[in-house]
Amino acid sequence: TKLDDFPENFLWGAASAAYQIEGGWKEDGKGSSIWDTFSKIPGKTYKGTNGNVAVDHYHRYKEDVKLMADMGLRAYRFSVAWSRILPNGSGEINDKGLQFYENLIDELRKYNIEPVLTLYHWDIPQALQDAYQGWESRQAIDDFNEYARVLFKRFKNKVKYWVTFNEQNVFTALGYRWEAHPPNIANVKKMFEANHIINLANAKAIQSFRELVPNGRIGPSFGYGPIYPFDSNPNHVLAALNGEEFQNHWWMDVYIHGKYPKVIWKQLERLGVTPTIESGDMELLQSVKPDFLGVNYYHGGTVRANKIEFPLKDEEQQLDKDFEATDPYLMEPKEEQAQSPEVPMFTNVSNPYLEKTDWGWEIDPIGMRIALRRLQSRYDLPMMITENGLGAFDELTENREIEDQYRIDYLREHLVEIQKAITDGVDVIGYCAWSFTDLLSWLNGYRKRYGFVYIDRDDENEKSLERIPKKSYYWYKNIIKTNGKSL
Ligand code: GCO
């Protein structure tokens, strides 16, 4: 089949997050966030790296936006640091913080780059964590709403696209289950409670948005990956259905339909970890619907039936071992519970058909098309790819260039699958590659690079922080210029 062209106003973009690029962590009245605290706990991040300086975007945003403009970028997704706007989380507004984002937005608009503003990219103010344990308390719903309303009012005429929460599935799992992100907790019950509270915060902020920004577009960005069965054994197919509902629809159904999937709800009931539903909660969740779905796509997952009832065959042992470190949340009870109702719904394995990145992430461009197709069928909303990209060890050549052909290949293969999905009939409105410049990887320091623009710094030294466009920068520039025809 001949492929359809990308839509005329397709938002060719790139993305970032405040903590990963800004630096200026105490500048102009900014308060601390939970990441400012957590990254300083010994052993939590690679070589103790943190975002105190990051890539100094706070001071160099004009230079960065100029590079975007020279590239022809049509959209730039960034996040606002809540603790710049409300240093104590609520109450006093810090105008200098607002001014920074206003300057950034004005600079983008000067070059006709559409700002895509993320309200929450993982950095709740430390003051709210101290006051009431952050997302564990319902007070966070009102405080988040207050923060969102400040931004809605200030930027309603300058920003059309808004993202509420970035990868709620990722930050709640890593933060409340795996002690890998702040608030550094390992408690499944708390994870589900916090999730529910964040769902309510999401809905309430969207209510405010309808009132204050009637012509804007808002939606969450979800870290989505399609779940595949290990093979056509119906037991594995059923496990994949469980995985898909548990790892994806548990969140997305709430965003779009205001309800939790019944099958997973019953499983959580059996485990005694359902969140507390108060009267009015479900009505609030059902009262709003996003305008679009932000999809962060890196890879999917492959699962098999649980290994207690369906023991592994010899040849499956290695696939299983690869994933031992990342068992899916609570779906893997201890062996002694095997006879209880807590039979795991699925077991993650690695996919024998897929190559991996330097960081062990599966490379699966077709999964992008499958993702878009599944989400279009289930939710029927326009979609924006709000993240997709390759983390790699980029090395400067003698001429101080970056020959990142591997990144070009990766992005091109994913974009071709997006074009195929569009040809299939999926409504995709934009693509924000992750990321524009290199930035701080939350747990992996500065050596895991994603950007179109190299930053001269490493984990120990800030060095010159010079910006050096990579080969992929010029490649993407041409893709944008031809509206994808040169793919
Ligand atoms: C990393 C991650 C991030 C995420 C992003 C999620 O290495 O730290 O890949 O960069 O992609 O922050 O929204």
Side-chain angles (χ1 to χ4, degrees), residues 13-23 33-35 38-39 44-51 54-55 57 75-82 116-124 162-175 178 180-182 198 202 219-225 247-248 251 293-301 326 356-364 367-368 371 384-394 407 410-411 414 430-455 457-459:
S16 69
Y19 186 71
Q20 297 180 273
I21 59 168
E22 287 178 359
S33 80
I34 54 172
W35 266 96
F38 176 81
S39 59
K44 284 294 172 185
T45 65
Y46 178 71
K47 291 195 177 173
T49 41
N50 62 51
V55 301
H57 174 74
Y76 174 57
R77 172 177 177 239
F78 61 96
S79 79
V80 171
W82 184 344
V116 179
L117 189 158
T118 304
L119 293 169
Y120 189 76
H121 205 124
W122 306 354
D123 49 354
I124 191 170
W162 300 71
V163 170
T164 52
F165 285 91
N166 179 71
E167 294 188 352
Q168 186 180 332
N169 51 330
V170 174
F171 80 80
T172 54
L174 295 178
W178 295 112
H181 276 200
I198 296 161
N202 180 71
S221 273
F222 188 76
Y224 181 84
Q247 305 206 142
N248 295 316
W251 286 269
L293 205 51
V295 179
N296 292 1
Y297 175 80
Y298 291 94
H299 57 78
T326 59
K356 295 198 172 82
T357 70
D358 290 344
W359 298 90
W361 292 19
E362 286 172 348
I363 303 176
D364 180 17
M368 170 73 94
M384 187 189 298
I385 306 301
T386 37
E387 282 182 35
N388 171 238
L390 175 69
F393 297 98
D394 296 334
R407 181 167 293 107
Y410 180 99
L411 295 175
H414 285 79
Y431 175 84
C432 293
W434 186 265
S435 51
F436 184 68
T437 63
D438 288 341
L439 39 69
L440 170 67
S441 170
W442 303 91
L443 300 177
N444 306 293
Y446 292 93
R447 62 190 189 138
K448 187 182 188 189
R449 296 175 181 272
Y450 280 93
F452 288 120
V453 177
Y454 183 88
I455 303 277
R457 73 153 296 159
D458 60 24
D459 296 308

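All ligand and atom numbering here is 1-based and tracks the order in the structure. Keep in mind that what you see is a predicted model, and the values were worked out from it rather than measured.
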Heavy-atom contacts with Y298 under 4.0 Å: which atoms of ligand 1 show up? List them by number with element. 11 (O)

Which ligand 1 atoms, with their elements, are less than 4.0 angstrom from a heavy-atom of N166? 6 (C), 13 (O)

Checking side-chain polar atoms at under 3.5 Å, does D459 have a donor or acceptor matched by the opposite partner on T49? no

H121 neighbourhood, listing ligand 1 atoms whose heavy-atom distance to it stays under 4.0 Å: 5 (C), 6 (C), 12 (O), 13 (O)

Go through ligand 1 atom by atom and flag the ones less than 4.0 Å from a non-hydrogen atom of K448. 7 (O)

Under 3.5 Å, is there a donor on one side chain and an acceptor on the other for S39 and Y19? yes

Distance filter under 4.0 Å to E167 heavy atoms, resulting ligand 1 atoms: 6 (C), 13 (O)

Any nitrogen or oxygen of W434, main chain or side chain, under 3.5 Å from a nitrogen or oxygen of ligand 1? yes

Considering only heavy atoms from C-beta outward, does the side chain of T386 approach that of N166 to under 4.5 Å? no

If you measure from each heavy atom of Y450 to ligand 1, is any distance below 4.0 Å? yes

Which is it for L390 and L411 under the side-chain contact (heavy atoms from CB on, under 4.5 Å) test, yes or no, and what are the steps along the way? CA-CA 8 Å; L390 175 69; L411 295 175; 6.0 Å; no

Check whether N388 reaches the backbone of Y297 with its side chain - one donor and one acceptor, N or O, closer than 3.5 Å. yes

Identify the closest protein heavy atom to atom 13 (O) of ligand 1: which residue and atom is it, and at what distance? E387 OE2, 2.6 Å

If you scan protein heavy atoms around atom 7 (O) of ligand 1, the nearest is S441 OG, 2.6 Å

For W361 and ligand 1, does the shortest N/O to N/O distance drop below 3.5 Å? no

The salt bridge (Lys or Arg N to Asp or Glu O under 4.0 Å) partner of D438 among R457, K448, R449 is R449

Check the angle between the aromatic planes of W434 and Y450 and answer parallel, tilted or perpendicular using the 30° and 60° thresholds. perpendicular

